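The structure appears below as structure tokens.
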There are 2 protein chains.
Amino acid sequence: MDVKTVCLGLLSFGEASGYDLKKHFESTIDHFYSTGFGSIYPALAALADEGFVTCTAVPQEGRPDRKVYRITPAGEAALRETLATCEPMHKTRSEFLALLYFAHMVPPDRLRELIDGRIAGMQQGLERLNASACPARHSWPASVQFVQGFGAALLEAAVRYLRENRHLLETPPATRGRRRVA
Amino acid sequence: MDVKTVCLGLLSFGEASGYDLKKHFESTIDHFYSTGFGSIYPALAALADEGFVTCTAVPQEGRPDRKVYRITPAGEAALRETLATCEPMHKTRSEFLALLYFAHMVPPDRLRELIDGRIAGMQQGLERLNASACPARHSWPASVQFVQGFGAALLEAAVRYLRENRHLLETPPATRGRRRVA
DNA sequence: CGCAACATGTAAGCGGTTACATGATTAC
DNA sequence: GTAATCATGTAACCGCTTACATGTTGCG
């Protein structure tokens, strides 16, 4: 499932511009599928080419036309087909965890800063998720809430684990009695 | 931090062949940084070119020479440098969550099967992590244990969340009184 | 005065995945 | 017999990231 499909799925919630989609990505999707304008705009153009969306240019003052996309019946059928048949993967690529894996080669100060930073970043992500969940004014389906809850649950677990176990990385090995005071 | 750096890091634990590294990736790294031979072999060749590892060919019967790689002092320095200065990212790309996000477009049976499959896959991953953690015979540093524990904690949280909240996706919306019997 | 938000797009480049190529041994 | 394990590599392809390109409005 590529960016095109995700954009098509988002358009199944209602019409939107590329800019709108980017904001949607940032607010609730970023934690499991992040992307940028460089992927979104070409995706929308391709979807329009295939007849899966229509595009209406809304003139604006002092800005490029706002291009509003709407999903077509063909697009909805294609989306259902893709969702019904694709083999959805799930993968994490974390240089952060890789670095921790090699903690024995990382200066202690650096290690501490990185872990502090990561915890802070995760709590920020948590706040962002909860913030966009609160309003409850959306016409979005329950699944959105579900996926945000999933992200929040994982973030909470990650923060807890880091807090409770970082000492395993940060205490000196103590093998070979190095720096033993007594 | 690319595949090259991770391979170099793994070689800081001790000598290994490309094949060995692949097994190491599969057993304990896969959950946060997966890769294949197509990345590992070129990475090792590049590291050898740069003088960060040496390569000793060990002849075998009926098989290609086993090429054993060892990190050099220059390689260790380069590794420390990279780990001390890189900006480690952490990102998840989940088509699975994307699909759940659009659950309103997915046939209920398919949805159930996918969630069941994902839970099963996660529990398998959990068993694999615990299995490779148990032996305790490794000369690997504590950080390895730490990272495996991290993976396990997240998997557990994910399984729990899916179990406890899947009904939110699987019960019909009930809006507009569809299929209301009474 | 400078920065953020609004708004859309192109194109090079990069890293990684996938498929291909080869081939013996061992266990079921 | 047929699948899995051992063992190494090459190369095309592909999608995504990044940088570039442009320009107005409004806020502090």
Side-chain angles (χ1 to χ4, degrees), chain A residues 1-8 11 15-27 29-30 32-50 53 55-69 82 86-95 98, chain B residues 1-8 15-27 29-30 32-49 53 55-69 82 86-95 98:
Chain A
M1 205 191 319
D2 52 16
V3 178
K4 259 170 59 183
T5 307
V6 179
C7 288
L8 194 56
L11 290 174
E15 59 176 43
S17 67
Y19 198 85
D20 293 335
L21 291 186
K22 181 60 170 26
K23 278 190 297 182
H24 190 149
F25 269 100
E26 275 168 6
S27 68
I29 297 185
D30 216 50
F32 68 90
Y33 203 109
S34 56
T35 192
F37 287 125
S39 297
I40 293 171
Y41 286 126
L44 289 172
L47 288 171
D49 268 356
E50 293 169 291
V53 300
C55 174
T56 312
V58 181
Q60 310 228 125
E61 289 169 45
R63 298 191 215 294
D65 288 1
R66 187 178 142 83
K67 290 178 154 191
V68 176
Y69 293 88
T82 302
C86 72
E87 199 74 47
M89 50 112 259
H90 174 96
K91 76 174 45 167
T92 297
R93 165 144 301 189
S94 176
E95 296 175 359
Chain B
M1 204 192 320
D2 52 16
V3 178
K4 259 170 60 183
T5 308
V6 179
C7 288
L8 194 56
E15 60 175 41
S17 67
Y19 198 86
D20 293 335
L21 291 186
K22 180 60 169 28
K23 277 190 299 183
H24 192 150
F25 268 101
E26 275 168 5
S27 69
I29 298 185
D30 216 49
F32 68 89
Y33 202 109
S34 56
T35 190
F37 287 124
S39 298
I40 293 171
Y41 286 126
L44 289 172
L47 288 170
D49 268 356
V53 300
C55 175
T56 312
V58 180
Q60 311 228 126
E61 291 170 44
R63 300 191 215 292
D65 288 2
R66 188 179 141 83
K67 291 180 153 189
V68 176
Y69 293 88
T82 302
C86 72
E87 199 75 47
M89 50 112 258
H90 174 97
K91 76 172 47 165
T92 297
R93 164 144 302 188
S94 177
E95 296 174 359

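Model, not experiment: these values are computed from the prediction. Just the heavy atoms: all of them, side chains too, but no hydrogens, waters or symmetry mates, feed the values below. Chain A is the first sequence line, chain B the second, and so forth, proteins listed ahead of strands; every chain is numbered from 1.
- One interatomic measurement links the two molecules: NE2 of B:H24 to C1' of D:dA7, which rounds to 19 Å at whole-angstrom precision.
- Both A:G38 and A:P64 sit near DNA chain C, but only A:P64 has its closest nucleotide nearer the 5' end.
- If B:A45 and B:K91 are placed on DNA chain D by their nearest nucleotide, the residue sitting closer to the 5' end is B:A45.
- Comparing C:dG9, C:dT8, D:dT8 by their closest approach to the side chain of A:K67 singles out C:dG9.
- When rounded to the nearest whole Å, the span between OH of B:Y41 and P of D:dC6 equals 11 Å.
- Among the heavy atoms of the strands lying under 4.0 Å from A:R63 is at least one base atom, whether or not backbone atoms are also near.
- Residues B:E95 and A:C86 are not in side-chain contact: their nearest non-hydrogen atoms beyond the backbone lie 4.5 Å or more apart.
- In this structure, of D:dG9, D:dT8, C:dG16, it is C:dG16 that holds the atom nearest to the side chain of A:R93.
- As rounded to whole Å, 12 Å separates atom C1' of D:dA7 from atom CD1 of B:I40.
- Between the CZ atom of B:F37 and the P atom of D:dA7 there is a distance of 10 Å, rounded to whole Å.
- Taking atom CE on B:M1 and atom C1' on C:dG16, their separation rounds to 16 Å, with Å as the unit.
- Distance A:K23 NZ to C:dT8 C1': 14 Å, rounded to the nearest Å.
- Rounded to a whole Å, the NZ atom of B:K4 is 9 Å from the P atom of C:dG15.
- In terms of heavy atoms, B:K22 sits closest to B:G36 at CE-CA, 3.8 Å.
- Inter-residue side-chain proximity for B:T82 and B:L8 is flagged as unmet; no heavy-atom pair is nearer than 4.5 Å.
- With C:dT17, C:dG9, C:dG16 as the candidates, the nucleotide lying closest to the side chain of B:V3 is C:dG16.
- At the heavy-atom level, B:E61 lies nowhere under 4.0 Å from the strands shown.
- Phosphate proximity of D:dT17 to A:S39: present, with a side-chain N or O under 4.0 Å from OP1 or OP2.
- The interatomic distance linking A:D2 (CG) with D:dC16 (C1') rounds to 11 Å, in whole Å.
- The shortest distance between side-chain heavy atoms of A:V3 and A:Y33 falls below 4.5 Å.
- Within the 4.0 Å cut-off from OP1 or OP2 of D:dA7, not a single side-chain nitrogen or oxygen of B:S17 is found.
- When the nucleotides D:dC16, C:dA7, D:dC6 are ranked by their closest atom to the side chain of A:R66, C:dA7 comes out on top.
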Starting from the C-alpha separation in whole Å, work towards a yes-or-no answer on side-chain contact (heavy atoms from CB on, under 4.5 Å) for B:F25 and B:C7. CA-CA 9 Å; B:F25 268 101; B:C7 288; 4.2 Å; yes
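- Residue A:Q60 places none of its side-chain N or O atoms closer than 4.0 Å to OP1 or OP2 of D:dT24.
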